[in-house]
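What follows is one structure encoded as structure tokens, with my remarks underneath.
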Amino acid sequence: MNNFTTLGQFIIEKQADFPYAKGELSRLLRDIGIAAKIVNREVNKAGLMDILGSAGNTNIQGESQQKLDVYANEQFISALRSGGECCMVASEENETVIPIDSAVSKSAKYIVAIDPLDGSSNIDVNVPVGTIFSIYRRISPEGPALLSDVLQKGTEQVAAGYIIYGSSTMLVYTTGRGVNGFTLDPSIGEFCLSHPEMKIPENGTIYSINEGYYVHFPQGVKSYIKYCQVEDEASNRPYTSRYIGSMVADLHRNLIKGGIFIYPCTAAAPNGKLRLVYECNPLSFIIEQAGGRATNGSTRILEVEVNTLHQRSPIFIGSEQMVLKAESFMNEVFEPSYQYTKSETV
Ligand SMILES: O=P(O)(O)OC[C@H]1O[C@](O)(COP(=O)(O)O)[C@@H](O)[C@@H]1O
Ligand SMILES: [Mg+2]
Ligand SMILES: [Mg+2]
């Protein structure tokens with residue numbers, strides 16, 4: 001007998017925390033859970049389905065869209081459309097926002113921003129991928145929702161979460177009262193509470209960054225990487241380098257084990273690569289709710305002004321002490337020909 005608390009039961013239980021709740025957010029989270037199960041079913045047998053490889057077109061990011069990007073996008077949008085609690089979707093895969101004005105969602109008050117498939121470069125090679133979602137309450141009065149309803153600061157999120165399609169499939173989310181993780185039990189087709197009240201360790205020994213771009217990184221990032229690699233028993237260095245290349249998977253590991261994930265700006269990408277609205281903001285809300293820290297090297301990600309739908313941002317996210325340390329390097333003034341030396345322990 002499975003005596004786990006299912007996601008549905010947990011959401012209903014937690015609804016009591018919100019005295020004025022009418023169940024709309026609960027139903028919206030339920031709809032996201034349903035789409036996640038459908039996408040999980042395809043991911044799990046992707047090799048057998050005609051769902052690997054490129055979809056043959058380029059998305060607004062200038063990236064080649066994968067078939068699974070398109071499939072996941074369609075599944076989440078249709079679940080949100082038929083669920084009736086969402087009035088607008090913003091997706092990584094769509095250039096503009098998608099108003100949901102079906103009859104059922106006329107009075108819907110929630111906006112969902114989504115990265116339907118995160119880690120697209122890993123789809124074909126059976127490495128964990130994910131889905132990231134962020135939920136806002138609309139701010140515009142009645143009638144069709146507006147772009148401004150999506151361009152709210154990360155601090156205005158009412159909920160955020162991710163699904164990781166890995167050796168097991170998990171859904172991790174927050175509504176601003178801590179972070180809880182649910183594992184999908186395929187035998188009953190339910191997400192079950194497996195990781196209650198997740199907390200990220202205050203410090204860690206894992207750093208996660210694509211060092212292949214090292215020469216293009218700002219001096220502060222280069223120096224922090226060198227700092228991580230220096231022998232220093234007292235501070236458990238050298239740290240371990242881990243980089244999966246799926247942001248959801250790299251963050252999930254660090255959330256559990258402690259660590260820092262960095263995707264900085266580079267000369268070619270002065271705002272970095274990752275998108276503020278549907279990658280950085282939702283994952284920063286989760287990490288902060290788990291006791292961690294998330295900045296763009298100086299400013300809290302959740303406080304960053306959102307001006308455009310696909311706006312990018314550098315991100316330093318993870319265990320608080322590690323992010324603070326990385327920031328101290330970012331804010332240090334370096335001589336042009338600066339060389340990091342072993343004795344310079346900070
Ligand atoms: O290959 P790079 O430049 O290291 O980028 C990897 C990063 O890009 C992403 O794949 C971007 O997300 P999408 O796959 O959703 O476009 C992140 O998941 C990952 O952290
Ligand atoms: Mg992504
Ligand atoms: Mg994506």
Side-chain angles (χ1 to χ4, degrees), residues 35-36 39 42-43 46 51-55 57-77 89-95 112-134 160-166 172 206-217 221 225 241-255 259-284 286-287 294 296 301 309-318:
V39 171
E42 297 307 306
V43 169
I51 205 152
L52 292 180
S54 169
N57 45 25
T58 303
N59 65 13
I60 175 66
Q61 325 286 340
E63 294 159 354
S64 142
Q65 232 177 7
Q66 304 300 299
K67 288 180 185 165
L68 207 52
D69 286 322
V70 177
Y71 178 81
N73 199 35
E74 287 163 358
Q75 296 312 314
F76 278 96
I77 292 172
V89 175
S91 168
E92 176 197 4
E93 301 305 332
N94 297 78
E95 183 164 357
V112 176
I114 196 157
D115 175 356
L117 206 287
D118 179 63
S120 306
S121 64
N122 282 325
I123 294 171
D124 292 1
V125 292
N126 207 356
V127 168
V129 292
T131 293
I132 311 171
F133 64 89
S134 169
Y162 62 81
I163 297 108
I164 176 167
Y165 311 100
V172 174
I206 294 172
Y207 73 101
S208 187
I209 184 168
N210 188 335
E211 293 187 63
Y213 305 143
Y214 180 86
V215 292
H216 304 294
F217 289 155
V221 173
I225 293 173
S241 171
R242 288 279 183 277
Y243 191 73
I244 297 169
S246 299
M247 186 184 189
V248 162
D250 281 310
L251 253 89
H252 185 70
R253 179 205 51 244
N254 292 353
L255 172 57
I260 185 170
F261 172 87
I262 304 175
Y263 206 109
C265 56
T266 58
N271 289 315
K273 172 184 181 176
L274 301 169
R275 284 56 57 124
L276 188 57
V277 172
Y278 40 78
E279 289 172 321
C280 300
N281 271 335
L283 295 175
S284 299
I286 290 169
I287 291 294
N296 61 6
I301 291 282
L309 194 52
H310 303 289
Q311 181 176 333
R312 299 173 191 257
S313 173
I315 187 163
F316 297 71
I317 182 168

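Just follow the structure's listing: the first ligand is 1, and inside any ligand the first atom is 1. No hydrogens, no waters, no symmetry mates; every other heavy atom, side chains included, goes into these values. Counting from 1, the numbers follow the sequence of the chain as shown.
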Item checked: Between CG on residue N59 and OG on residue S64, distance to nearest 0.5 Å -> 8.0 Å
Next item on the list: Tell me the residues surrounding ligand 1, counting only those with a heavy atom closer than 4.0 angstrom, sorted by chain and number.
Entry: E63, E92, D115, L117, D118, G119, S120, N210, Y213, Y243, G245, S246, M247, F261, Y263, K273, L274, R275, E279
Check: How far does CZ of F316 sit from CD1 of I262, to the nearest 0.5 angstrom?
Finding: 5.5 Å
Margin query: Check this for me: N210, atom CG, are more than 12 non-hydrogen atoms of other residues, nucleotides or ligands nearer than 6.0 Å?
Written below: yes
Check: To the nearest 0.5 Å, what is the distance between CD1 (I206) and CZ (R253)?
Finding: 5.5 Å
Margin query: For E92 and Q61, which I'm curious about, is there any donor-acceptor pair between the side chains at under 3.5 Å?
Written below: no
Check: Who pairs with E211 by salt bridge (Lys or Arg N to Asp or Glu O under 4.0 Å), at least two apart in sequence or on another chain?
Finding: none
Notebook entry, point to check: How about I315 and M247: do any of their side-chain heavy atoms sit closer than 4.5 Å?
Noted result: yes
Next item on the list: Check the Mg ion (ligand 2) and write out every protein N, O or S atom at under 2.8 Å, as residue and atom.
Entry: D115 OD2, D118 OD1, E279 OE2
Next item on the list: Mind checking side-chain hydrogen bond (donor to acceptor under 3.5 Å, both in side chains) for K67 and listing every partner two or more places apart, or none if nothing turns up?
Entry: D50
Notebook entry, point to check: Is there a donor in the side chain of S134 and an acceptor in the side chain of N281, or the other way round, less than 3.5 Å apart?
Noted result: no
